[in-house]
2 protein chains.
Amino acid sequence: MGVTRQTKQVKTLLDIFNTENNAISVADLVKKLSGQMNKTTVYRILDRLMEDGIVHSFVGKNGLKWYAKCQGCSCDAHFDVHPHFQCKVCGEVSCLTSSFKIPEVKGYKVDAVNLLLVGTCSDCL
Amino acid sequence: MGVTRQTKQVKTLLDIFNTENNAISVADLVKKLSGQMNKTTVYRILDRLMEDGIVHSFVGKNGLKWYAKCQGCSCDAHFDVHPHFQCKVCGEVSCLTSSFKIPEVKGYKVDAVNLLLVGTCSDCL
DNA sequence: AAATATAATGCAACCAAGTTGCTTAATTAA
DNA sequence: TTAATTAAGCAACTTGGTTGCATTATATTT
């Protein structure tokens, strides 16, 4: 599970994630790479990169799926989940470094958290 | 803005929200009401009910849109936002009563929060 | 109560995100 | 270098959601 071959396409994707600080929506990736790469391929590589713990994914404010490079976030031990911030003006999404403790809820077993802050980023203020 | 006429369809929707405690996905609503009501109508009524502050909406773990009746939650003054819980076994989504203070983030102006807890509900444990 | 203005519904067509099955091509291991 | 196997490409499809426009229902006015 998650033994990713070093294909040209995988390298392209990895390169994007390594040079880009912010999160990227799959839709944007597909658009940006259209012509270079099939959209199915993009989806499948992202799946594999996530299994390998290279990237993590989450859902943006309008239901689109976003990916960002994992940097020190333990994606499996989901207990230092970080929030994400989405600017409603420019649409940029970034990982916030401030970690966040999972709230306890009586009667429920919580094992993942999706915390999305929506607002205006410093550039758009 | 938000002056909703009391049509048969609106009453049907309101009735569903008043008898259902949990949140409902739009997709489910459309399915449940197919034959009774056009899907466009469902989407539009939900929009209006939200403008009126009758229901609030949020995004589930797989990007689907969910709605739930507002009960005492001030949907416009987004500062007593409540979290939502989605059970990954049965799929049910419910509003948690525990309120939640919006975290401060330096440089950003945060005005909405989407906090989704994913796990296993008491029925599925 | 009837007429009018206006808001809401239905319909069909559309768009975009994401998925599936299958064939072909590219890695990696032998 | 060949063989085993993973990954890429393609096309077709599914699903959630939207749009424009014609028709119908609700409120309002007289």
Side-chain angles (χ1 to χ4, degrees), chain A residues 1-17 23-68 84 86 88 91 93 114 116, chain B residues 1-17 23-68 84 86 88 91 93 114 116:
Chain A
M1 68 281 269
V3 194
T4 299
R5 286 191 179 177
Q6 284 294 96
T7 67
K8 194 175 52 189
Q9 293 82 339
V10 168
K11 282 175 196 148
T12 306
L13 259 293
L14 281 178
D15 204 53
I16 291 178
F17 280 108
I24 318 173
S25 75
V26 187
D28 278 352
L29 275 176
V30 169
K31 266 170 221 146
K32 172 184 288 189
L33 294 174
S34 90
Q36 286 185 64
M37 200 181 307
N38 189 273
K39 107 177 135 164
T40 311
T41 306
V42 176
Y43 279 99
R44 294 204 264 230
I45 290 181
L46 290 172
D47 278 348
R48 273 180 267 140
L49 291 183
M50 210 176 67
E51 282 180 37
D52 292 356
I54 312 287
V55 298
H56 62 275
S57 81
F58 56 94
V59 172
K61 73 183 172 71
N62 34 25
L64 288 201
K65 205 167 184 185
W66 292 73
Y67 281 87
H84 295 96
Q86 181 159 25
K88 61 182 180 184
V93 176
N114 227 307
L116 181 71
Chain B
M1 66 280 268
V3 194
T4 300
R5 284 191 181 176
Q6 285 294 96
T7 68
K8 196 173 51 190
Q9 292 84 339
V10 168
K11 281 174 197 151
T12 305
L13 259 295
L14 281 178
D15 205 53
I16 291 178
F17 280 108
I24 318 173
S25 75
V26 186
D28 279 351
L29 274 176
V30 168
K31 268 170 219 143
K32 172 185 290 192
L33 294 173
S34 90
Q36 285 185 67
M37 200 180 308
N38 191 271
K39 108 177 134 164
T40 312
T41 306
V42 176
Y43 280 99
R44 293 204 265 228
I45 290 180
L46 289 172
D47 278 349
R48 274 180 267 142
L49 291 182
M50 210 176 67
E51 281 181 37
D52 292 357
I54 312 286
V55 298
H56 62 275
S57 83
F58 55 95
V59 171
K61 74 181 171 73
N62 36 25
L64 287 202
K65 205 167 183 186
W66 292 74
Y67 281 87
H84 295 97
Q86 180 160 23
K88 61 182 181 186
V93 175
N114 226 308
L116 181 71

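The basis for the numbers below is simple: all heavy atoms, side chains too, and nothing from hydrogens, waters or symmetry mates. Convention: sequence-line order gives letters A, B, ...; per-chain numbering from 1.
Under the rule for a side-chain contact (heavy atoms from CB on, under 4.5 Å), the partners of A:K65 that lie at least two apart in sequence or sit in another chain are A:V26, A:S57, A:Y67. Contacts of A:S25 classified as side-chain contact (heavy atoms from CB on, under 4.5 Å), with partners at least two apart in sequence or in another chain: A:A27, A:D28, A:W66. Applying the salt bridge (Lys or Arg N to Asp or Glu O under 4.0 Å) test to A:K32 and every residue at least two apart in sequence or in another chain returns nothing. Listed by chain and residue number, A:D111 satisfy the salt bridge (Lys or Arg N to Asp or Glu O under 4.0 Å) test with B:K88 (two or more places apart in sequence, or in another chain). Annotation: side-chain contact (heavy atoms from CB on, under 4.5 Å) contacts of A:I54 (sequence neighbours excluded): A:L14, A:L49, A:D52.
Both A:Q36 and B:R44 lie near DNA chain D, and the one whose nearest nucleotide falls closer to the 5' end is A:Q36.
Spacing between atom CG of B:D52 and atom P of C:dA7 amounts to 14 Å, rounded to whole angstrom units. Per the geometry, CD1 belonging to B:I45 stands 16 Å off C1' belonging to D:dG17, to the nearest Å. Distance, A:K65 NZ to C:dA17 C1': 11 Å, rounded to whole Å. One can place CG of A:D47 at 13 Å from C1' of D:dA7, the figure rounded to the nearest angstrom. In this structure, A:Y43 atom OH and D:dG9 atom P are separated by 15 Å, rounded to whole Å. Atom pair A:D28:CG and C:dA17:C1' shows a separation of 12 Å (rounding to whole Å applied). Taking atom CG of B:N62 as the reference point, atom P of D:dG16 lies 10 Å away to the nearest angstrom. Separating the CG atom of A:L46 from the P atom of C:dT19 is a distance of 11 Å, rounded to the nearest angstrom.
B:M50 contributes atom CE, which lies 9.0 Å from atom CG of B:L46 (distance to the nearest 0.5 angstrom). Atom CZ of B:R44 and atom CG of B:D47 lie 9.5 Å apart (nearest 0.5 Å). Interatomic distance, B:L116 CG to B:Q86 CD, rounded to the nearest 0.5 Å: 5.5 Å.
At the heavy-atom level, A:V30 lies nowhere under 4.0 Å from the strands shown.
The side chain of B:R48 approaches C:dA8 more closely than any other nucleotide in the set C:dA8, D:dA7, C:dG18.
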Are any protein N/O atoms closer than 3.5 Å to N/O atoms in nucleotides 11-13 of chain D? If there are, list each pair with its distance.
from   : atom 1 : to    : atom 2 : distance (Å)
D:dA11 : N6     : A:T40 : OG1    : 3.3

Could you pull out the protein-nucleic contacts involving nucleotides 26-30 of chain D (nitrogen or oxygen on both sides, under 3.5 Å)?
from   : atom 1 : to   : atom 2 : distance (Å)
D:dT26 : O2     : B:R5 : NH1    : 2.7
D:dT26 : O2     : B:R5 : NH2    : 3.3
D:dA27 : OP1    : B:Q6 : N      : 3.0

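Two residues are said to be in side-chain contact when any heavy atoms from C-beta on lie closer than 4.5 Å; A:H84 and A:K61 fail this criterion.
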**Request:** Could you please spell out the steps behind the side chain to side chain contact (heavy atoms under 4.5 Å, CB included) verdict for B:L29 and B:L13?
**Result:** CA-CA 9 Å; B:L29 274 176; B:L13 259 295; 4.0 Å; yes

Distance-only donor-acceptor pairs under 3.5 Å for side chains of residues 35-43 of chain B, two or more places apart:
from  : atom 1 : to    : atom 2 : distance (Å)
B:N38 : OD1    : B:T40 : N      : 2.9
B:N38 : OD1    : B:T40 : OG1    : 3.0

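Each end of the helix from C:dA1-D:dT30 to C:dA30-D:dT1 gets its own axis, taken as the rotation carrying the C1' atoms of four end pairs onto the next four within a five-pair window, and the two axes meet at 30° to the nearest 10 degrees.
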